[in-house]
Amino acid sequence: MKTAASVRSAFREYFDLTVGLRRYLRGPAPGPGAVRRIREQLERREQRWLELVRRSVFDRRGHPYRRLFERAGCEFGDLENAVRAKGLEGALSALYDEGVYLTEDEFRGRAPIRRRGLEIESRPELFRNPCVRRGVLQRSSGTTGRPAVAVSAAARDWHLEIYRLLEAQEFELERCARLLVRPILPSVIGLVSSMSFARMGLPAHGWFGYGGSLRRAWHYRILTRWLVGFVRLHGLSVPSPKYLPPGDFTPVARWLGGRLRRGERCYVGCFVSPAVRTAAAAAEEGTDLSGTMFFAGGEELTPARREAIEASGAEVYSRYWIGEVGPIGFPCRRQRGTARLHVLSDSVAVLVEPKTVRGLSRPVPALWFTTLLPMSSFILINAEMGDAGEISRSRCDCTYARLGFEWEISGIRSYSKLTGQGMTVFASDVVRILERTLPQRFGGTAGDYQLIEGCDRGAGLELRVRPGVTAAPAEAISECFLGELRRCYGGALSTEVWRHSGALRVTAADPLVGPTGKVLPLHLLGGFGGEVR
Ligand SMILES: [Zn+2]
């Protein structure tokens with residue numbers, strides 16, 4: 001039963017959301033001139049970052065980063081000199097060597113910050129940007145943990161809109177039929193993306209909404225409808241969501257089929273699993289999706305999921321986005337069919353530094369992020385988010401490259417997320433087995449097998465198989481999974497430990513669905529980490 005306090009807090013939350021929406025809607029709509037702001041931010045990123053760090057770290061006694069700077073013997077003047085002499089990335093690399101960094105466990109408060117001669121208790125709130133107050137509420141997806149609410153300033157939302165405008169130019173979205181397949185409240189993503197399109201002068205032509213049954217989510221449907229009306233009062237053309245039947249994406253495939261037959265190109269903004277399900281629905285209907293571009297985020301676009309979507313004839317693009325860091329990489333048309341992205345280096349600096357991970361014999365090329373914008377929600381300097389990847393110089397000639405985004409990021413994969421019994425294996429290896437090997441061997445498709453870490457008081461691993469997918473006995477599935485895993489990098493030891501402790505349990509049950517309707521191949525109950533959005 002809801003207590004008066006929880007009703008009050010829900011009311012407060014939606015009041016804040018409405019206030020944030022109004023501020024955002026009254027702000028400057030992104031026009032061609034807005035792109036100049038990106039160029040300017042790129043040119044001045046070093047000075048602006050120094051100003052940000054002075055205000056939010058050096059001026060705050062006891063801030064964990066200030067103590068790390070002190071330990072490294074680096075005063076603000078030294079930092080300025082280092083940036084001038086080595087450039088931003090060069091200075092960050094030197095700082096990393098001096099212990100000015102934050103591991104994922106330290107950031108999440110799972111471990112204190114320990115450097116020689118120093119120990120600091122840590123939690124994420126310590127790294128919030130004190131200069132950012134209200135704006136449109138953005139929930140981090142909370143895929144594998146409690147939803148974390150981050151408040152983004154309207155200024156940052158406008159900055160994001162400029163990225164969307166660049167994307168619209170790069171992909172010529174003005175010539176496309178634009179469809180959103182997005183959850184309704186409590187996730188704000190559907191509402192925010194439809195507003196953002198309308199503000200660019202490219203209103204969405206449709207919105208398929210989902211999120212809970214009518215019986216369980218009727219109040220969210222009413223609130224969504226109310227907010228759509230509120231946005232329209234501000235003169236913006238936003239569609240009302242049409243609700244999809246639970247688990248059925250056939251209406252999306254039919255909508256696209258209709259537009260494509262009329263010779264239109266289609267854009268779909270969605271999470272990765274709805275894109276996979278739509279492609280499957282189109283195949284069942286005999287609809288070719290050639291001419292459709294899925295912009296699929298929120299979940300990792302694994303090779304198997306990419307293949308499943310591209311088999312429908314559609315193209316698929318994914319951005320790289322971590323809730324606490326912000327947008328990191330955006331795709332361009334030349335990167336079609338690849339996993340390469342342009343680094344948004346006006347917002348973020350990315351270092352690659354090797355990291356030793358327990359259970360792996362070789363260090364991984366970990367990514368370390370530094371937030372640069374004055375309105376970033378977190379002040380992060382060389383912060384690890386559990387992903388590895390490579391950075392290289394771009395040879396592109398596209399909207400992004402011409403603006404000065406000269407670095408590309410590729411090979412992004414998560415390494416830290418599967419730690420049953422203290423063992424670590426590359427999450428991407430496990431995902432490949434769940435999405436490819438097991439379906440090939442026993443039937444079903446990507447999304448039918450899910451590994452849940454953290455059940456049985458945090459120590460167990462449950463391998464769920466969607467009922468009806470296979471008649472194979474649990475032992476055979478378990479043997480196949482562990483046998484495949486054994487061959488992977490770091491897998492041999494983990495497999496032995498898990499086999500010995502009986503940590504893996506195979507059950508016939510529907511995969512768990514996250515709060516925003518995502519089904520991830522790995523579902524981690526213990527904590528949450530960086531993901532590809
Ligand atoms: Zn490009």
Side-chain angles (χ1 to χ4, degrees), residues 30-43 45 87-89 159-176 178 193 196-197 200 202 265-270 272 275 290-298 300-303 305-307 309-310 314-322 325-352 365 367 369-370 372-373 387-413 532-533:
V35 174
R36 270 202 307 272
R37 278 189 28 201
I38 300 270
R39 199 186 298 270
E40 189 192 82
Q41 170 66 22
L42 266 174
E43 281 161 6
R45 67 201 280 267
L88 181 52
E89 276 75 5
H159 199 84
L160 294 181
E161 280 190 341
I162 307 178
Y163 290 147
R164 293 204 174 102
L165 185 74
L166 292 177
E167 192 170 74
Q169 289 174 356
E170 172 67 17
F171 290 90
E172 300 180 325
L173 297 193
E174 76 280 2
R175 299 214 213 141
C176 293
R178 297 172 292 273
S193 47
S196 159
F197 269 109
M200 282 193 282
L202 303 169
R265 282 172 63 228
C266 294
Y267 161 97
V268 187
C270 58
V272 175
S290 300
T292 304
M293 298 184 287
F294 284 101
F295 278 69
E300 195 167 340
L301 181 62
T302 57
R305 289 170 165 204
R306 177 186 286 281
E307 266 174 38
I309 297 166
E310 287 175 345
E315 296 167 31
V316 58
Y317 299 92
S318 186
R319 307 169 184 132
Y320 183 34
W321 197 307
I322 297 176
V325 181
I328 299 162
F330 265 40
C332 74
R333 296 187 87 162
R334 295 203 172 197
Q335 293 158 333
R336 177 181 175 178
T338 72
R340 306 181 72 79
L341 300 164
H342 285 281
V343 178
L344 301 173
S345 41
D346 64 322
S347 289
V348 64
V350 191
L351 289 191
V352 180
L367 299 171
F369 300 101
T370 301
L372 308 180
L373 291 180
D387 287 344
E390 285 91 43
I391 301 274
S392 58
R393 213 169 253 287
S394 170
R395 290 194 201 142
C396 229
D397 177 29
C398 65
T399 311
Y400 299 97
R402 285 194 297 270
L403 251 180
F405 292 114
E406 47 187 27
W407 297 98
E408 287 188 3
I409 190 164
S410 58
I412 302 159
R413 59 211 183 270
V532 180
R533 277 161 201 266

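Atoms within a ligand are numbered from 1 in the order they appear, just like the ligands themselves.
Side-chain contact, S392 with E408: no donor N or O sits under 3.5 Å from an acceptor N or O.
Taking the six-membered ring for Trp, H342 and Y400 have ring centres closer than 6.0 Å.
Not counting sequence neighbours, the partners of Y317 by the ring-ring contact (aromatic ring centres under 6.0 Å, His included) test are F171, F295. The salt bridge (charged side-chain N to carboxylate O under 4.0 Å, His left out) check on E406 picks up R393, with sequence neighbours excluded. Applying the salt bridge (charged side-chain N to carboxylate O under 4.0 Å, His left out) test to R336 and every residue at least two apart in sequence or in another chain returns E315.
Below 30°, between 30° and 60°, or above 60°: for F197 and Y267 the angle between ring planes is above 60°, a perpendicular geometry.
For the Zn ion (ligand 1), the count of nearby protein N/O/S atoms, taking only those under 2.8 Å, is 4.
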